[in-house]
Amino acid sequence: MNIRTIGWCLMLLSAAWAEARERPKVGLALSGGGARGMAHVGVLKALEEKNIPIDYIAGTSMGSIVGGLYATGMSPEDLEWAIRSVDWDDALNPSAKRQLKDYRQKQEEKDYFADLEIGISREGAKSGTGLVGDHKVMLELQRLVGSFNEQDFDQFPIPFRAVTTDLNEGEPYVIDHGDLAMAMRASMAVPLVFGPVKHHDRMLVDGGMLNNLPVDVVKAMGADIVIAVNISSPLARVDEQSSVLAVTYQSIDVALVQNTKASLKLADIVIQPPLEGIDASMFDRAADMINDGYLTTYQKSVELAPLSLSPKAYVTHLESRNFLPREIPSRIRFVEFTGNKRTSTERLMSHAARLIGQEFKAQLVQEFVDQTVAEEEDIQVMTYHVDENAESGRGIVFKVQEKRWGPDYLKFGLKVQDDFDSNTRISLLVRHHRYNINRKGGRWVNDLSIGSVLAWQSELYQPLDFDNRFFATANIDTIKDTRRFYQGIDATGEYDIKKFGFGLNLGYNPNINSELRAGIWYKDESVVPVINDVDFDTAINRTVGLKVNYGYDTLEKAVGARHGYDIKTELGLFDRVQYLSFDGYRRFPMFDKSAAHVRVKFDFTDLVDEEEFFKAYGGIDDFAGYPTHSLLGLNAFLLELGWYTPLSSIDLPIIGVPDLAFKTHWGNVWQRNIKIDEMIYGMSAGISFDVQDTVMFLGTGYSHDGEARFYLRLGTGF
């Protein structure tokens, strides 16, 4: 390179630096607005194409996520990939994915409103602080942010601020240092949906409550010109027909809209993407929102033109930004846990053993935390950071935050079953949980049912190792079930079936989806007439023996699953009765979203008298068209074929998309012998909603020698 060329290059650089020194400092204020915040990505893409430098960024809620990531050095293209890589439906779902729960949890949660949990402590009853679980959103934010040690937001490639609301002080609080992912999480903590975040010794929630468009914050950072991007949703319309919930939401939104309007007056340039027909929950419309932000920015070309730099000056501006070195270990050399009090470190380390020695991948760590939080039910949130150990090298330190409303928990459920023939069964369910009663994770569970079924069932569950591979249980069951007595399909009376049992079991968990247990049990059942005087006995009568249970559940949903197995089998070898019960079905994915259904169910008994009965069938689950519990017998067989398909055109708030189910059945219930020509066949059809493992069903059934009946059910049946 000759002297003339070098001189020319120096002149160009000098001119670019002079241009950079003389230009006004540009700040960017990004508003909140839920999913609509994806439009910010399109705005940033257009601003970069126009060579407009950004010197400062402040954001609220989704604006803090997009702004914070951009401030760390992400390009708009990286931002688009990052935001769209998040499964927002899952991240905002209060319950863990069913596939992450172990077999015991899947069975326990079928009848309960899984996320309505009340904590009991010495201070009294407490509840959680939000409807949506914290850990999944926090994990996604940590994955997007990555690992770096810089805690001063002024040292980012672009200085950044996250805007929150301090609940105790009743004023906006601007975060300018600390953990970036935690700052973003605090900024988006919408009350009622998310719990407040304790950060910098303050209780922080969504900044949009008091400062949804932080123009003033950007000005305070030193910006001469502020570009404000407003993607907040417009106010809805309320009238005298509006619900209480709609009026409540509108009251909150009015305050947000007012502080946004005040901020817009302070901005120098305002970009407001129209985002027509898109609300704050439509994360699936990312492409449309990004495009709206991009096009709207270009519509502001005349106003933005004075801020544009020459290509060379813009390149110089980009190269002048700080670089944030990522602290990513090539291998995970150690794992540590802090903050856990009730959950033993030994149990957590048994989960984490598979991480040590693995190549560091954010997805791997995220999957580990998801799984651990799903299994360890005392844990609310688990975050992590990369650290260095003089002996082992670089590894991961997990910070555990246990539920503040423990250590005892109550969950509630409701079972309703009606065949619209004066046979309505209702039971209120209450479950008590106490986790981690010892270091191996022992737990005590009590189930109480009040209504058509009066019951108390208690289990003390004790893992025998820290991996929870082997376990022992002690069980007590006391049940009184009020049922109708039928002659044919006509109700002629009512009786109580009373059950009592206690047992000691040893168990084995082959994997997360299955459980095997065997134990010595004492069981007793009796039938007490209530209205009629019909006298009959059960096959279970003061008997002692061995009971073996095996379960296998791989369904992704409790009822409307498209694939997987659900199998339950029980073998009883007692001194007065021997029996084998089996109930299993499989779903086969078909076409785009539908599933075929195959089910086999049977009960076979021995060592019993002719006049006794073992099981009661009939109703929507077994022989639709017959009244519930109308078919009594010692032996039974049922073959069921069906079809499930979602009604995607119907997507209701909260409860989602219903499933249309159609099933045919073939089988019978008998005492001793059965003939093929005595088999009952029929069909059922209905619509079900699978909401957080709580099932709502409305349908009809018919059996050829029964009659057509309609059924309503909430819960998984009696």
List the atom pairs, donor and acceptor, that lie under 3.5 Å between side-chain atoms in residues 514-523 and the rest of the protein, sequence neighbours left out.
| from | atom 1 | to | atom 2 | distance (Å) |
| --- | --- | --- | --- | --- |
| Ser514 | OG | Asn511 | OD1 | 3.0 |
| Glu515 | OE2 | Arg517 | NE | 3.0 |
| Glu515 | OE2 | Arg517 | NH2 | 3.3 |
| Arg517 | NH1 | Glu459 | OE1 | 2.9 |
| Trp521 | NE1 | Asn505 | OD1 | 3.1 |

Run the side-chain contact (heavy atoms from CB on, under 4.5 Å) test on Gln457 and Asn475 for me, step by step, so that the C-alpha distance in whole Å, both residues' side-chain angles and the decisive distance to 0.1 Å come before the verdict. CA-CA 7 Å; Gln457 296 174 281; Asn475 298 77; over 6 Å; no
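- Shortest non-hydrogen contact noted between Ser630 and Pro627 is OG-O, 2.8 Å.
- A side-chain donor-acceptor contact under 3.5 Å links Asn635 to the backbone of Thr605.
- Considering all non-hydrogen atoms of both residues, Gly442 and Gln462 come closest at CA-OE1, 3.7 Å.
- Here the side chain of Glu402 pairs a donor or acceptor atom with the backbone of Arg342 at under 3.5 angstrom.
- Residues Arg542 and Phe500 have side chains not in contact (no heavy-atom distance under 4.5 Å, counting atoms from C-beta outward).
- Taking 4.0 Å as the cut-off between side-chain N and carboxylate O, Asp553 and Arg98 count as a salt-bridged pair.
- Between Tyr681 and His704, the ring planes lie parallel to each other; the angle is under 30°, not in the 30° to 60° tilted range.
- The pair Asp481-Arg483 counts as a salt bridge, with a side-chain nitrogen and a carboxylate oxygen less than 4.0 angstrom apart.
- Side-chain atoms of His629 and Arg484, non-hydrogen and from C-beta on, never get closer than 4.5 Å to each other.
- Donor-acceptor pairing under 3.5 Å is recorded for the side chains of Asp408 and His432.
- No donor-acceptor pair closer than 3.5 Å links the side chain of Glu367 to the backbone N or O of Leu364.
- Two rings, from Tyr711 and Phe697, have their centers 6.0 Å or more apart.
- Judged purely by atom type and a 3.5 angstrom limit, Ser703 has no side-chain atom pairing as donor or acceptor with the backbone of Gly625.
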For a salt bridge (charged side-chain N to carboxylate O under 4.0 Å, His left out) check, start with the C-alpha distance between Arg562 and Asp592, then their side-chain angles and the critical distance, and finish with the verdict. CA-CA 10 Å; Arg562 291 191 63 241; Asp592 186 27; over 6 Å; no
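- In this structure, Phe398 and Phe368 have tilted ring planes: the angle between them lies in the 30° to 60° band.
- Heavy atoms of other residues, nucleotides or ligands lying less than 6.0 angstrom from CH2 of Trp643 number more than 12.
- Two residues are said to be in side-chain contact when any heavy atoms from C-beta on lie closer than 4.5 Å; Val577 and Glu612 fail this criterion.
- One finds the CZ atom of Arg439 at 6.0 Å from the OG1 atom of Thr345 (value rounded to the nearest 0.5 Å).
- Side-chain contact check for Tyr617 versus Lys601: some heavy-atom pair is nearer than 4.5 Å.
- Using cut-offs of 30° and 60° on the angle between ring planes, the pair Phe614 and Tyr579 is tilted.
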Checking Trp666 against Leu641 for the side-chain contact (heavy atoms from CB on, under 4.5 Å) test, could you report, in this order, the C-alpha distance in whole Å, the side-chain angles of both residues, the deciding distance, and whether it holds? CA-CA 9 Å; Trp666 181 81; Leu641 303 177; over 6 Å; no
Before you tell me yes or no, could you show the steps for Ile531 and Phe485 under side-chain contact (heavy atoms from CB on, under 4.5 Å), namely the whole-Å CA-CA distance, both residues' side-chain angles and the distance that decides it to 0.1 Å? CA-CA 9 Å; Ile531 297 177; Phe485 182 77; over 6 Å; no
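- Residues Tyr508 and Arg469 meet the side-chain proximity criterion, which asks for heavy atoms closer than 4.5 Å.
- Annotation: side chain of Leu448 is not in contact with side chain of Asn446 (no heavy-atom distance under 4.5 Å).
- With hydrogens and angles left out, the side-chain atoms of Asn436 and Ser344 include no donor and acceptor closer than 3.5 Å.
- A tilted orientation is assigned to the rings of Tyr565 and Tyr552, their planes being inclined by 30° to 60°.
- A side-chain donor-acceptor contact under 3.5 Å links Asp575 to the backbone of Val544.
- Annotation: the span from Asn668 atom CG to Ile680 atom CD1 amounts to 4.0 Å, rounded to 0.5 Å.
- Ring geometry, Tyr626 versus Phe623: the interplanar angle exceeds 60°, so the pair is classed perpendicular (tilted spans 30 to 60°).
- Remark: Glu525 engages no residue in a side chain to side chain donor-acceptor pair (under 3.5 Å) (not counting sequence neighbours).
- Nearest heavy atom pair, residue Phe574 against residue Gly545, reads CD2-N, 3.1 Å.
- Taking each heavy atom of Asp496 and Lys480 in turn, the nearest pair found is OD2-NZ, 3.6 Å.
- Atom CG in Asp566 sits 7.5 Å away from atom CG in Asp583 (nearest 0.5 Å).
- Remark: Asp606 CG to Leu580 CG distance equals 11.5 Å, nearest 0.5 Å.
- By the side chain to side chain donor-acceptor pair (under 3.5 Å) test, Asn549 is found to be paired with Glu570, residues two or more places apart in sequence or in another chain being considered.
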Trace of the side-chain contact (heavy atoms from CB on, under 4.5 Å) decision for Phe637 with Val600: CA-CA 8 Å; Phe637 176 81; Val600 175; 4.1 Å; yes
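- Side-chain contact between Phe470 and Leu506: absent, with no pair of heavy atoms (C-beta onward) separated by less than 4.5 Å.
- For the atom pair Thr343 OG1 and Met382 CE, the distance stands at 8.0 Å (nearest 0.5 Å).
- Of the possible donor and acceptor atoms, none in the side chain of Glu375 sits under 3.5 Å from a partner among the backbone N and O of His351.
- Between the side chain of Ser350 and the main chain of Arg347, a donor-acceptor pair closer than 3.5 Å is present.
- In this structure, Arg713 and Asp621 approach most closely via the heavy-atom pair NH1-OD1, 2.7 Å.
- Between Asp524 and Arg576, no side-chain nitrogen of the basic residue sits less than 4.0 Å from a carboxylate oxygen of the acidic one, so the salt-bridge criterion is not met.
- Using a 4.5 Å cut-off on side-chain heavy atoms (C-beta onward), Val373 and Leu139 make no contact.
- Atom-to-atom distance recorded for Ser427:OG and Leu414:CG is 8.5 Å, nearest 0.5 angstrom.
- In terms of heavy-atom proximity, Gln105 sits nearest to Ala374 at NE2-O, 2.7 Å.
- The backbone N or O of Ala561 sits less than 3.5 Å from a side-chain atom of Arg587, completing a donor-acceptor pair.
- Side chain of Asn509 to backbone of Asn468: a donor-acceptor contact under 3.5 angstrom is found.
- Salt-bridge formation is not detected for the pair Arg431/Glu377: no Lys NZ or Arg NE/NH1/NH2 atom is positioned less than 4.0 Å from an Asp or Glu carboxylate oxygen.
- Judged purely by atom type and a 3.5 angstrom limit, Thr473 has no side-chain atom pairing as donor or acceptor with the backbone of Leu460.
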